[in-house]
Amino acid sequence: MRYSQLFLPTQRETPADAEVVSHQLMIRAGMIRKLTSGIYTYLPLGLRVIQKIETIIREEMNRAGAQEVLMPSVQPAELWQETGRWNVYGKELLRFKDRHGRDYCLGPTHEEVITDLVRKEVRSYRDLPLNLYQIQNKFRDEIRPRFGLMRGREFIMKDAYSFDIDEEHAEKSYWKMYDAYVRIFERCGLKFKAVEADSGAIGGTFSHEFMVLADTGEDAIVTCTSCDYAANLEKAEINPDYARDRYGKPLGSKGLPAEKRGTPNIKTVEEVTRFLRVRPDRLVKTLIFETGKEPVAVLVRGDHEVNPIKLKNLLGVETVALADETLVRELTGAPPGFTGPLGLKIRILADNDIRPMEDMVVGANEEDAHLVHVYRGRDFDVSGFADLRFITPSDRCPRCGKDILFIRGIEVGHVFKLGEKYSQAMSATYLDDQGKERLIVMGCYGIGVGRTAAAAIEQNHDQDGIIFPWSIAPFQVTVLMLQPEDSEVASQAEKIYNGLKEANIETLLDDRDERPGVKFKDADLIGIPVRITVGERGLKSGQVEIRLRRTGETDEVRLENVIEKVRGFFREPVS
RNA sequence: CGGGGCGUGGCGCAGCCUGGCAGCGCGCCUGCUUUGGGAGCAGGAAGUCGGAGGUUCGAAUCCUCUCGCCCCGACCA
């Protein structure tokens, strides 16, 4: 490709509204332009990178036995009503009507459509297993799109769906996809980690997220410093066997009777600890949750936070939400801030860390009052203990008990065992070898393509610009024709360019009528791995300069050796 | 949904408080000079100041409404 013919509008200045480096560089390097909030156009350079990633994905998906399809982005409401998600999905689902007044949505995901297809076409166990995927634009009306391609509203996603005869085979399909994902992200040159993720209330299933490690990542990951345990924050378990025992012990003598203390307008844990002069780990927070069925109270230590997902999974309900003020008053007789377990008529669940606590401080269920010297068993009872809170950095690895580490990541892929959730809702069945009708067992597997590109840049850049990994670089080599008006420079640059093209190496020839400095700056910015500088100075001694973007390593190479030298990089590619 | 900020040539911004010729840097076009890390000089094109309404002799500037973009927050009792 000739730069003079390429639509590649680079920018010298960093755009004001781009916060993260990948977003800034994608705009500066002329890869993307914003159309409107969370919606972007891919310019030629950006599209090439996207297509590189897509090619890697296709190769690995096909290798794993999946077949490509392409589904519509407009989906009829009926399918979503069938699975109940028309009501559950909320405002992220962009809905609209056609001219006849029929309801439609823009697909944020395609479980319904693919399940509809498969239930109509698959009859027999002989048709299974089946794995279908597509690379397609999704639309999710995010509350707050940000960070460019990292969290857009319209975005490119690879989504795959597996269909198997039973759980055991579905699990095999799952691990096949897991392995394919490992290969995909390795080939993209990313440093990543597969972490255990929450899989929702539908029993027995499991899930992994593929996280690209980056400080700017939106997701918190918990990893063990010793074993290979890794999970996202929502999923990370807390093993009571490894609880730190230095918290929760009584400070004073045991057995003091519960005593009411006035706490005028003192509501938060911080206020109460300051006012009553106790440590937060001697406080118990009592939170009331609505569950769609009957409300429950959850007790956690003052310095801990309830993990609603763990609560949701424990109760086996679709949603849990903190009760509003009206409900709190109704159930406790006091406004939020003074809730306690004593005298509560609803079911009380406690986090495991409540179990060893003695002499605790709780709300009095009375406005402006708390109780001190409260003992479980003597003053109140709970109906059960469970792991109900978020892990903290001072907790230990649930597997081996060693220290854990909090890191941040960008979720680029998610593999998910769905089980029979959709096949049941939409009656996707097959006949087994006994002629008996059975539900198809499903899995689904997503990769954010644009997000993968953004994550790669997040992980591979310096102050001069992007440093593309070889595998996803828009071009492998750029040839800078420093003085295009000099016929010797021009013809030698053309010769190298043509030679590289013949060697099937994607090359960008910078033949623009620009000053050398501009060409150097742009070459650095757009992050092409190899730069070949053809200029008057070097040609005097029959040489050009070959420089690696990542290391800055520079070589003066004789004209006749250039192609061979570059081909050498591909035999053992340095990322 | 709540709070805050910003909309002024293609990009980044000043001007607004205190109403009176629409400016600066970068980019773009032309010419000359220059040419191995974002050149210099000279000349030039380009903005209904987000939109609508109002106040005023006069509005980018003041008032009302509206649209868009960005940031923060969204109840842990």
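Order of the sequence lines fixes the chain letters, A, B, ..., with proteins taken first and strands second; residue numbering starts at 1 for each chain. Worth saying up front: this structure is predicted, and the values here are computed from it rather than measured.
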Discussion item. Assess, by modelled atom type and distance only, whether the side chains of A/N232 and A/D198 contain a donor and an acceptor separated by less than 3.5 Å.
Written reply: no
Discussion item. Would you measure the distance from the P atom in B/G9 across to the matching atom in B/U61 and give it in whole Å?
Written reply: 15 Å
Worksheet item: Are any of A/R146's side-chain N or O atoms less than 4.0 Å away from OP1 or OP2 of B/C72?
Response: yes
Fill in: Rounded C1' spacing from B/C26 to B/C21 in Å
25 Å
Worksheet item: Looking only at N and O atoms, is any donor in the side chain of A/R144 or the base of B/G3 less than 3.5 Å from an acceptor on the other one?
Response: no
Worksheet item: Ion pair present between A/R547 and A/E545, side-chain N to carboxylate O less than 4.0 angstrom?
Response: no
Worksheet item: On a whole-Å scale, what distance lies between the C1' atoms belonging to B/G40 and B/G15?
Response: 30 Å
Discussion item. Looking at A/K34, I'd like to know whether one of its side-chain N or O atoms comes within less than 4.0 Å of OP1 or OP2 on B/C70.
Written reply: yes
Practice prompt. Give one of base, sugar-phosphate or nothing for A/R329, where a contact means two heavy atoms less than 4.0 Å apart.
Written response: nothing
Worksheet item: With the threshold set at 4.0 Å, does a side-chain nitrogen-carboxylate oxygen contact exist between A/D303 and A/R282?
Response: no
Worksheet item: Any donor-acceptor pair under 3.5 Å joining the side chain of A/R537 to the base of B/G37?
Response: no
Worksheet item: Between B/A77, B/U34, B/C11, which one does the side chain of A/R515 approach most closely?
Response: B/U34
Worksheet item: Checking all strands, does A/R28 fall into the base, sugar-phosphate, or nothing category for heavy-atom contacts under 4.0 angstrom?
Response: base
Worksheet item: Closest nucleotide of RNA chain B for A/T36 versus for A/Q483: which of these residues is on the 5' side?
Response: A/Q483
Discussion item. Using a heavy-atom cut-off of 4.0 Å across all strands, would you classify A/K285 as base, sugar-phosphate, or nothing?
Written reply: base
Item to complete: Could you go through the side chain to side chain contact (heavy atoms under 4.5 Å, CB included) check for A/V477 and A/L508 one step at a time?
Response: CA-CA 6 Å; A/V477 181; A/L508 178 65; over 6 Å; no
Worksheet item: Out of B/C1, B/U35, B/C26, which nucleotide sits closest to the side chain of A/I143?
Response: B/C1
Worksheet item: How is A/V298 classified with respect to the nucleic acid when contacts are heavy atoms under 4.0 Å: base, sugar-phosphate, or nothing?
Response: nothing
Practice prompt. Establish, yes or no, whether a centroid distance under 6.0 Å links the rings of A/F338 and A/H370.
Written response: yes
Fill in: Spacing of A/D324 atom CG relative to B/C76 atom P, expressed in whole Å
14 Å
Item to complete: Could you check A/T268 against A/E19 and say which one's nearest nucleotide on RNA chain B is further toward the 5' end?
Response: A/E19
Worksheet item: Contact class for A/D524 vs. all strands (heavy atom < 4.0 Å): base, sugar-phosphate, or nothing?
Response: base
Worksheet item: Which part of the nucleic acid does A/G538 contact within heavy-atom distance under 4.0 Å: base, sugar-phosphate only, or nothing?
Response: base
Quick test: give all pairs of protein nitrogen or oxygen and nucleotides 27-30 of chain B nitrogen or oxygen below 3.5 Å, distance rounded to 0.1 Å.
residue, atom, partner, partner atom, Å
B/G27, OP1, A/R12, NH2, 3.1

Item to complete: Please measure how far the C1' atom in B/C63 lies from the corresponding atom in B/C70, and state the result in whole Å.
Response: 25 Å
Discussion item. Assess, by modelled atom type and distance only, whether the side chains of A/N352 and A/R389 contain a donor and an acceptor separated by less than 3.5 Å.
Written reply: no
Worksheet item: Can you name the salt bridge (Lys or Arg N to Asp or Glu O under 4.0 Å) partners of A/R146, sequence neighbours left out?
Response: A/E218
Worksheet item: Which part of the nucleic acid, if any, lies within reach of A/G363 when heavy atoms closer than 4.0 Å are counted: base, sugar-phosphate only, or nothing?
Response: nothing
Discussion item. Need one value for A/R33: base, sugar-phosphate or nothing, where a base atom within 4.0 Å counts as base even if backbone is also close, heavy atoms only.
Written reply: nothing
Fill in: Non-neighbouring partners of A/D555 that pass salt bridge (Lys or Arg N to Asp or Glu O under 4.0 Å), sequence neighbours left out
A/K565
Worksheet entry | C1' gap between B/C62 and B/G31, integer Å | 47 Å
Discussion item. Please classify the nucleic acid contact of A/A323 as base, sugar-phosphate, or nothing, using heavy-atom distances under 4.0 Å.
Written reply: base
Discussion item. Measuring only the P atom in each nucleotide, how far is B/A14 from B/G5? A whole number of Å is fine.
Written reply: 15 Å
Practice prompt. Give a yes or no on this: more than 12 heavy atoms of other residues, nucleotides or ligands lie within 6.0 Å of atom CD of A/E294.
Written response: no
Worksheet item: Say you pick atom P in B/A74 and the same atom in B/G3; how far apart are they, in whole Å?
Response: 15 Å
